[in-house]
Structures are given as structure tokens and as C-alpha cells.
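Here's the structure, in C-alpha cells; my notes come after.
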Amino acid sequence: MTEPNSAPDLVDLLKDAPTNWGKWGADDEVGSLNYLGPEQVLAAVRLVSSGKVFTLQRLIGDPKGDPVWPGRTPAERTQILDESDWDEGGKGPAYPGGLHYADDKINAFLQGSTQYDALGHLWYDGKLWNGFDARTTIGGLDKASVEPIAQRGVVGRAVLLDMARFRGKTTLDKGETFTHEDLMACATAQGIEIQKRDILVIRTNFLQLFFEQGDAFFEGFNEPGLVYSPELVQWFQEMEIPNLVTDTIANEVTTDPNNGIALVLHNALMRNLGVTLTEIADLEQLAADCAEDGQYTFLYVAAPLKVAKGSGSPVNPVVIK
Ligand code: UVW
């Protein structure tokens with residue numbers, strides 16, 4: 001990645017970029033999810049025809065490893081109680097009737113698996129989503145935490161955009177980029193049209209390389225993904241996109257090749273427009289099925305965990321066709 005001090009400032013890059021601050025009131029903490037009302041839910045439900053169900057969460061504690069953003073560590077699951085605790089000299093509690101049980105706990109980054117980012121997860125220039133002061137993050141997010149997203153839930157029509165298949169590749173390459181125009185071309189090739197208020201689900205299959213390469217995967221870490229342009233941000237704004245779901249760790253090309261800035265779209269889309277971001281989704285079974293039955297639009301349902309002050313939360317989104 002480019003050194004932080006050699007890139008221009010987000011304040012300058014995004015000085016004329018649109019925001020939705022205030023659009024849903026000064027206290028709003030769920031942003032573009034406001035675009036998903038009863039009308040969108042009912043339209044999405046009408047897409048259900050075969051009853052096929054797909055879950056999009058990656059395994060937490062995968063024996064093959066958990067892909068996480070550099071600096072984070074995979075979840076650690078610890079067994080607290082199991083049958084050995086009732087072996088001779090064990091510490092298992094005695095309950096009337098002879099009950100035994102297993103207990104375990106995890107020590108995990110809230111953003112260390114398939115996850116929703118809270119809108120206040122990331123910011124620049126001292127302000128979060130909706131203009132909340134960045135100091136409201138100290139000790140936990142008092143504003144725009146993941147909790148309001150979890151309380152509300154996310155239900156709507158989603159469209160799979162299989163960029164890897166569209167480009168004829170098993171996985172997209174390190175640092176490979178695409179634009180909103182590429183998304184529309186991909187949709188056309190799949191025989192569909194992206195509609196206003198669609199949840200975008202984008203497949204790169206880049207994390208296959210994590211499982212194939214191990215530690216080498218993180219050398220020169222630069223995920224493929226959408227790349228910033230004013231036109232792309234305007235398109236998200238006009239299309240009223242509520243939620244961007246990808247199978248990468250951070251939703252967008254990590255370092256913008258045009259300016260060297262890290263995670264520009266987290267700021268332009270999430271901080272400024274209130275678009276919710278969902279990362280590390282496992283889209284493989286869904287994508288294979290879409291390629292087979294040609295149905296790339298479906299009902300999407302997700303609710304992150306209700307974590308007070310949380311900057312994100314694990315989630316297991318469900319797709320129903
Ligand atoms: C960062 O924002 C650093 O990571 P992510 O959005 O992938 O959780």
C-alpha cells in the first residue's frame with residue numbers, strides 16, 4: 001500500500017462529493033438503508049419462486065484459516081466445558097438429573113468474519129456519517145454504531161454481479177479494478193438490469209487465493225474491487241443503493257491506483273452517502289447456482305448482531321430464490 005503521507009488528502013479528493021447527511025434527520029444512524037421500505041421488501045419477496053436458500057457467511061474458525069484485514073487476528077474459540085469436565089476429578093457442575101453440557105466462547109474482532117460495518121466505523125476530517133463528531137467513537141461508537149442496523153435488519157431485492165465470471169477468470173487479480181459501468185455491463189451479460197434501491201452483491205472470488213497462498217496472500221496486499229470516480233459515487237447516489245455486499249475483505253480496491261489513497265469508497269459511499277457495507281461474504285454456492293438457473297436477482301435478508309456501541313458485527317446473510 002502507498003505510505004499514508006504520500007497520498008493526497010480525502011478532504012481534497014472528496015470536497016465536491018455528494019453527501020446524504022441530514023436527509024433522514026439529524027439523528028439518523030442507518031443511512032441508505034432508509035431506501036428499503038415495505039414496498040422494496042414486498043417486491044423482493046415476489047422474486048421467491050423455487051424456495052432455494054443460500055447462506056453467505058464464511059465459517060468462523062475455519063481450519064483452513066480465516067481471511068481478515070491486516071492487523072486483525074482471526075477469531076479464537078475456546079472450549080470451556082465438555083465431557084472431560086465430568087471425568088474423574090473434573091470440574092463439571094452437578095445438576096439434578098445428571099445433565100452435562102458443552103460451553104465455549106470466542107475472542108473475535110467484530111470485523112473478523114463476514115460482517116456489517118457500522119456507518120461510524122470509518123471517517124476522515126473529524127466527522128462520521130451524518131456529520132457526527134469523530135470523538136463520539138472514543139471508547140465505543142455512541143453514534144452510528146452497528147446496533148441501529150441490527151435493530152432494523154436489511155431486507156430487499158439483491159442482484160449478484162459475478163465480475164469474475166464476467167471477466168472469464170477464476171478470481172480477479174490483485175489490485176484489479178472495475179467501475180459502475182462494468183457492473184452494468186456485467187448485469188447486461190447476465191440478462192438483468194440493476195434497478196434503483198437494489199442491494200449489490202459483487203463476486204470477485206479473490207479470497208480463493210487466501211486459501212491457496214496462505215501468508216503470501218498478504219504480500220503487497222491490494223484487493224480487487226470498485227474504484228473511486230466522481231461518476232461512480234453519483235451513480236450510487238442516483239441509484240439509491242442501500243447496501244454493497246462483496247466477497248472481499250474490504251469491498252473496494254484497497255489502494256486506489258489513481259491517487260494512492262486507501263479505501264476511498266468507504267468514505268465516499270459509507271461516510272458520505274450512508275451506504276452500508278458488507279464484507280467477506282461467501283458467494284460461491286450462490287454464484288454457481290445463478291450461473292446454472294440464470295436467476296441473478298433474489299430476496300436478501302440479513303441482520304447483524306445487536307452489539308451496543310459496536311463498530312461492526314458478524315452476520316450470516318440469507319438469500320432466497
Ligand atoms: C477497514 O475499514 C479498515 O476495514 P473493513 O471495512 O474491511 O472492516
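Order of listing sets the numbers, starting from 1, for every ligand and every atom in it.
- Listed by atom number, the atoms of ligand 1 under 4.0 Å from Asp117 heavy atoms are 6 (O), 8 (O).
- With ligand atoms numbered from 1 in the order given, ligand 1 contributes 1 (C), 2 (O), 3 (C) to contacts under 4.0 Å with heavy atoms of Leu263.
- Counting atoms of ligand 1 from 1 in the listed order, those under 4.0 Å from a heavy atom of Gln115 are 8 (O).
- Of the N or O atoms in Ile249, one or more lie within a sub-3.5 Å distance of an N or O in ligand 1.
- Checked against the 6.0 Å centroid threshold, Trp24 and Tyr35 count as a close aromatic pair.
- Judged by the shortest distance from any of its heavy atoms, Arg72 lies inside the 4.0 Å radius around the atoms of ligand 1.
- Interface atoms of ligand 1 facing Leu122, defined by a heavy-atom separation under 4.0 Å, are 2 (O).
- In terms of heavy atoms, Val315 sits closest to Gln57 at O-CG, 3.2 Å.
- Summarising the geometry, atom SG belonging to Cys186 is positioned 14.5 Å from atom NE2 belonging to His180; distances are rounded to the nearest 0.5 Å.
- Atom CG of Asp247 sits about 8.0 Å away from atom CG of Asp282, to the nearest 0.5 Å.
- In terms of protein heavy atoms, atom 6 (O) of ligand 1 is closest to His266 NE2, 2.7 Å.
- Heavy-atom contacts of Ala250 reach the following atoms of ligand 1: 7 (O) (cutoff under 4.0 Å).
- Neither the backbone nor the side chain of Glu252 has any atom closer than 4.0 Å to an atom of ligand 1 (non-hydrogen atoms only).
- By the criterion of a heavy-atom distance under 4.0 Å, neither the backbone nor the side chain of Leu277 is placed next to ligand 1.
- Taking any N or O of Trp69, backbone or side chain, none lies under 3.5 Å from an N or O belonging to ligand 1.
- Seen from the ring of Tyr124, Arg271 counts as a face-on cation partner, given the 6.0 Å and 45° thresholds.
- Inclusion of Gln111 in the set of residues having an N or O under 3.5 Å from an N or O of ligand 1 is not warranted.
- The CG atom of Leu263 sits 4.5 Å away from the CD atom of Glu252 when rounded to the nearest 0.5 Å.
- A ring-centre distance under 6.0 Å is found for Phe206 and Phe217.
- The single protein non-hydrogen atom nearest to atom 2 (O) of ligand 1 is His121 NE2, 2.9 Å, given as residue, atom name and distance.
- In terms of protein heavy-atom proximity, atom 5 (P) of ligand 1 is nearest to Glu279 OE1, 3.3 Å.
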Point to revise | Steps toward side-chain hydrogen bond (donor to acceptor under 3.5 Å, both in side chains) verdict (Arg197, Gln195) | key: CA-CA 6 Å; Arg197 304 194 177 189; Gln195 293 181 3; over 6 Å; no
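- Residue Trp69 holds its CH2 atom at 5.5 Å from OG1 of Thr254, rounded to the nearest 0.5 Å.
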